Amino acid sequence: MGLKAPPKPYIQPLEERLCISKIVPQQSIPIIDMSHWKNPQVASAVCDAAEKWGFFQIVNHDVPVEVLDNVKDATYRFFDLPADQKNKYSKENSASNNVRFGTSFSPEAEKSLEWKDYLSLFFVSEEEASMLWPPVCREQVLDYIRRTEVVIKKLLQMLMEGLNVKEIDETKRSLLMGSIRTNLNYYPICPDPELTVGVGRHFDVSTLTILLQDEIGGLYVRGNQGDGDNWIHVPPIKGSLVINVGDALQILSNSQYKSVEHRVIANGTKNRISVPIFVNPKPTDIIGPLVEVLQNGEKPIYKQVLYSDHVKHFFRKAHDGKKTVEFAEI
């Protein structure tokens with residue numbers, strides 16, 4: 001639109017802007033090579049990263065680069081559509097709650113808006129997707145979900161073994177990956193990025209989030225060192241996927257694995273996209289610390305909560321860095 005300055009609703013209060021002095025330049029989240037994923041050292045590195053950092057990147061994970069490139073191209077194609085075509089999928093017009101085009105995070109609850117548009121796709125079945133998802137990106141997103149499912153299962157297997165869970169039966173499978181949501185995120189060029197945020201400080205409510213980011217970067221993770229107000233940039237690595245622990249896994253693991261605060265900054269020179277897959281319990285699942293985690297007499301930190309209640313609590317407020325997981329604490 002050729003704007004010279006961000007419109008007033010997008011200008012963030014000072015405390016929500018990312019101050020350069022808080023960025024830790026020399027640090028990076030762990031990068032784990034998955035090429036020998038059966039090697040116990042890989043599982044050990046994954047569990048260690050989930051405990052200490054809550055975030056890590058994986059390379060050589062078997063999802064072909066062309067699948068990742070195709071979904072990035074498809075994301076641009078969707079956001080390049082004329083406004084009236086995108087608006088078919090808005091809250092007011094979408095044929096289903098499972099397909100939603102929107103802006104920011106929760107505009108009704110926010111004092112300042114995030115500099116981001118998104119298309120959110122809740123996966124129910126291939127049949128529903130073929131009927132309701134936008135044709136410009138449908139096949140590429142489905143392919144991305146199919147190909148990452150194998151990686152998700154491997155990671156969950158490793159993380160569960162780290163909690164003394166020997167087998168992922170049907171009940172556990174539902175708790176860990178009973179539902180899948182993919183977002184296509186679009187952060188257009190911002191005339192003054194320092195006044196805005198791409199995504200405010202928040203924790204994910206998922207079990208795991210699998211994030212594909214483009215080469216531009218802009219994702220920052222709360223550091224696990226020092227005074228706690230350090231932020232670490234997650235550098236884009238071609239072909240990598242960024243993995244983070246969400247609230248659901250923190251609750252299931254009784255806090256052994258950590259859901260960590262993160263945020264995204266806007267960019268002044270380039271459009272940026274990212275494509276997260278949120279791997280979640282089913283909305284109807286009751287989540288709480290797993291029996292295996294408490295078998296040595298450890299006290300539960302969390303009560304049993306209906307997963308959909310936890311998610312409703314998350315969407316009821318703006319991204320403010322407050323721990324959503326406190327909702328489930330005893």
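When reading the values below, keep in mind they use all heavy atoms of this one structure, side chains included, and skip hydrogens, waters and symmetry mates. Predicted model, so just to flag it, every value in this text is computed and none were measured.
Asp73 and Gln140 share no donor-acceptor pair across their side chains, judged by distance under 3.5 Å alone. A donor-acceptor pair shorter than 3.5 Å can be found between the side chains of Asp204 and Asn244. Neither side chain, Asn87 nor Ser90, offers a donor N or O lying under 3.5 Å from an acceptor on the other.
Residues Thr182 and Phe123 are not in side-chain contact: their nearest non-hydrogen atoms beyond the backbone lie 4.5 Å or more apart. At a threshold of 4.5 Å between non-hydrogen side-chain atoms, the residues Phe79 and Leu184 count as touching.
Taking the six-membered ring where tryptophan is involved, the planes of Trp115 and Tyr10 are perpendicular, since the angle between them exceeds 60° and thus also 30°. Note: Phe78 and Phe101 have perpendicular aromatic rings, judged against thresholds of 30 and 60 degrees for the angle between ring planes.
A distance of 3.5 Å separates SG of Cys47 from OH of Tyr257, quoted to the nearest 0.5 Å. For the atom pair Leu252 CG and Leu176 CG, the distance stands at 6.0 Å (nearest 0.5 Å). Asn183 contributes atom CG, which lies 7.5 Å from atom CG of Leu121 (distance to the nearest 0.5 angstrom). In this structure, Leu156 CG and Ile168 CD1 are separated by 5.5 Å, a value rounded to the nearest 0.5 Å. Taking CD1 of Ile152 as the reference point, atom CD1 of Ile243 lies at 8.0 Å (rounded to 0.5 Å).
Under a 4.0 Å N-O distance rule, the pair Arg173/Glu149 qualifies as a salt bridge. The pair Arg77-Asp80 does not count as a salt bridge, with every side-chain nitrogen at least 4.0 angstrom from each carboxylate oxygen. Arg263 and Glu114 are not joined by a salt bridge, as no carboxylate oxygen comes within less than 4.0 angstrom of a charged side-chain nitrogen.
In this view, Glu167 satisfies the side-chain hydrogen bond (donor to acceptor under 3.5 Å, both in side chains) rule with no residue, not counting sequence neighbours. Residues satisfying the side-chain hydrogen bond (donor to acceptor under 3.5 Å, both in side chains) criterion with Lys172, sequence neighbours excluded, are Glu292.
When all heavy atoms are compared, the tightest approach of Phe203 to Asp247 is CB-OD1, 3.8 Å. Of all heavy-atom pairs between Lys303 and Ile330, the closest is N-CG1, 3.4 Å. Nearest approach of Lys86 to Leu81, heavy atoms of both residues: CE-O, 3.3 Å. In plain terms, the two heavy atoms of Ile145 and Thr148 that are nearest each other are O-OG1, 3.1 Å. For Asn254 against Lys299, the heavy-atom pair with the smallest separation is ND2-O, 3.0 Å. The shortest heavy-atom contact between Pro193 and Asn267 is CG-C, 3.8 Å.
Other members of the hydrophobic cluster containing Ile286, listed by chain and number, are Leu306; membership follows side-chain contacts under 4.5 Å among ILVMFWY residues, whether direct or relayed.
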**OP:** Please lay out, stage by stage, how Asn164 and Gln295 fare under the test side chain to side chain donor-acceptor pair (under 3.5 Å).
**Re:** CA-CA 9 Å; Asn164 298 317; Gln295 66 192 10; 5.5 Å; no
